[in-house]
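So the structure is just underneath, and the comments pick up after that.
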Amino acid sequence: MNPLYVKVHGNDNVAIIVNPEGVAPGAEFPGGLTAREHVPQAHKITLGAIAAGAPIVRYGEVIGHALARMEPGCWVREDMLSLPSAPPLEQLNLATRPPVSQPPLTGYTFQGYRNADGTVGTRNLLGITTTVQCVAPTVDYAVRRIEAELLPRYPNVDGVVAITHTYGCGVAIDAPGARIPIATLGHISRHANIGGDPLVVSLGCEKMQPNRLLPFFEPNVIRLQDNRGFAATVAAICEQAEKRLVELTKRRRESVPASELVVGVQCGGSDAFSGVTCNPAVGHFADLLVRAGGTVMFSEVTEVRDAIHLLTPRCADEATARKLVAEMRWYDEYLGRGGADRAANTTPGNKRGGLANIVEKALGSVAKAGTGPIHHVAGHGEKVTAKGLVFAATPASDFICGTQQLASMNLHIFTTGEGSPYGLAMVPVAKVSSRTALAEKWPDLIDIDAGTIATGHMTIEEVGQQLFEYMLDVASGRKKTWAEQWRLHNALAPFNPGPVT
Ligand code: CA
């Protein structure tokens, strides 16, 4: 492969190296630039001289200032630039440039399970939810029994899910922050993929009683402290489970419009390619699904914060923009109380992958939101019911973001540069790689390779369209993602900003 870099924006004075082995000193690029030193793949090279104190520009945005003069063709390492301060929240343009909505896409459908509450499932699962971690091993034991002894007789049911978590007791349940994990777990317990109707297993003495987890709902509750011993409890769970299986197996997929899809998108283990390959491809997917009337949620506050000045103008109206700013402010204060700031986000893997800091990471992360207007902003723990492009506030932590998005989504897209085998038990998780090297290293974990965009073999639009058609197949059960095939089920991790007691 000839020396090759990707420059994203006309104003950029750095670009990232495409060649898997990096480039050697003296390597000449088409256009005349010569590498002065070895520059690894995904890392930045200076396109011209940059004076000390001058801005370093990628995506057309300042990602830092040079701490010393840099010559053309140099490797820009993370310690060679300063971290700019985050855009002030008081001076943002609110809904000043909402993009014009693109024409609707009609005729796209998938085969889904319609629920009484209007939601549509993409899988047919038996859900057993829990009010407290104390009961989790008992429920896990019962699920193994159900899988071995009952499920084979109900082949129309895709599986049994234990909705277990670390919340429920030993927490300040009346503190303001408690609303978030309780609401999140309540929504997950009535998820579209379990038909909205869970079995509930409670211990008995815990703080999060069943009516607190599921207000306005009369669930079928099995209370461990009411039963005589372990075997009787397991038998009771299995008996109730079989009653649910009899109902669930009657469900049939039917043709529903693509507008019933609620897709959560997030990234994990990002690298410098993420913002030019997988994330924009997911962004094009988002544009397509929104045009088809569906819902796309993007999240991860600390990966949005430094690009907020690009997002508030895109809000459909001023009230939505103000809500977006309020979510940023809430998280700034949350981090401040913990003695941290947004710079704590980047990982060693991000830096190995060429991302200098949180500004560069955020500019690439928000590409997942596509190019359309932001129609709605949802707070932490809020169930998203709006259509269109939605910012759903969550931490950027993969497992916490995934858990919060799970409250609303019936499909999940996860982009990755360094690689993560992430998966969830309740929804299909499709993984999109930022570079071809990862897709080749993990052919049985990565569902879609967006690295072909960097090498020029495919366009962002082509990969986005491929992903759109793939997700309709996955939603319909015609295809399974790798995470589903291997049953890779990460634990639920509800966000609890409230105190533990
Ligand atoms: Ca993440």
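Note that ligands are numbered from 1 as they come in the structure, with each ligand's atoms numbered from 1 the same way. Positions are given from 1 along the sequence.
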(message) Is it true that Ser299 and Gln266 share a donor-acceptor pair across their side chains at a distance under 3.5 Å?
(response) no
(message) Would you say the Ca ion (ligand 1) has Glu303 as a near neighbour, meaning an N/O/S atom of that residue under 3.0 Å away?
(response) no
(message) Rounding to 10°, state the angle centred on the Ca ion (ligand 1) that links OD1 in Asp398 with O in Cys267.
(response) 80°
(request) Indicate yes or no: does Arg342 engage Asp306 in a salt bridge with an N to O separation below 4.0 Å. (result) yes
(request) Could you tell me whether any N, O or S atom belonging to Ala396 is less than 3.0 Å from the Ca ion (ligand 1)? (result) yes
(message) Tell me whether Lys323 is salt-bridged to Glu382, with the criterion being a basic N under 4.0 Å from an acidic carboxylate O.
(response) yes
(message) Regarding Ser397, does it place an N, O or S atom less than 3.0 Å from the Ca ion (ligand 1)?
(response) no
(request) Give a yes or no on whether a salt bridge exists between Glu147 and Arg487, defined as a side-chain N under 4.0 angstrom from a carboxylate O. (result) yes
(message) Using a distance threshold of 3.0 Å, state whether an N, O or S atom of Cys401 lies below it from the Ca ion (ligand 1).
(response) no
(message) Suppose we only allow N, O or S atoms; which atom of Glu300 ends up nearest to the Ca ion (ligand 1)?
(response) OE2
(request) Kindly give the heavy-atom pair with the smallest separation between Ala392 and Met297, and that separation in Å. (result) CB-SD, 4.1 Å
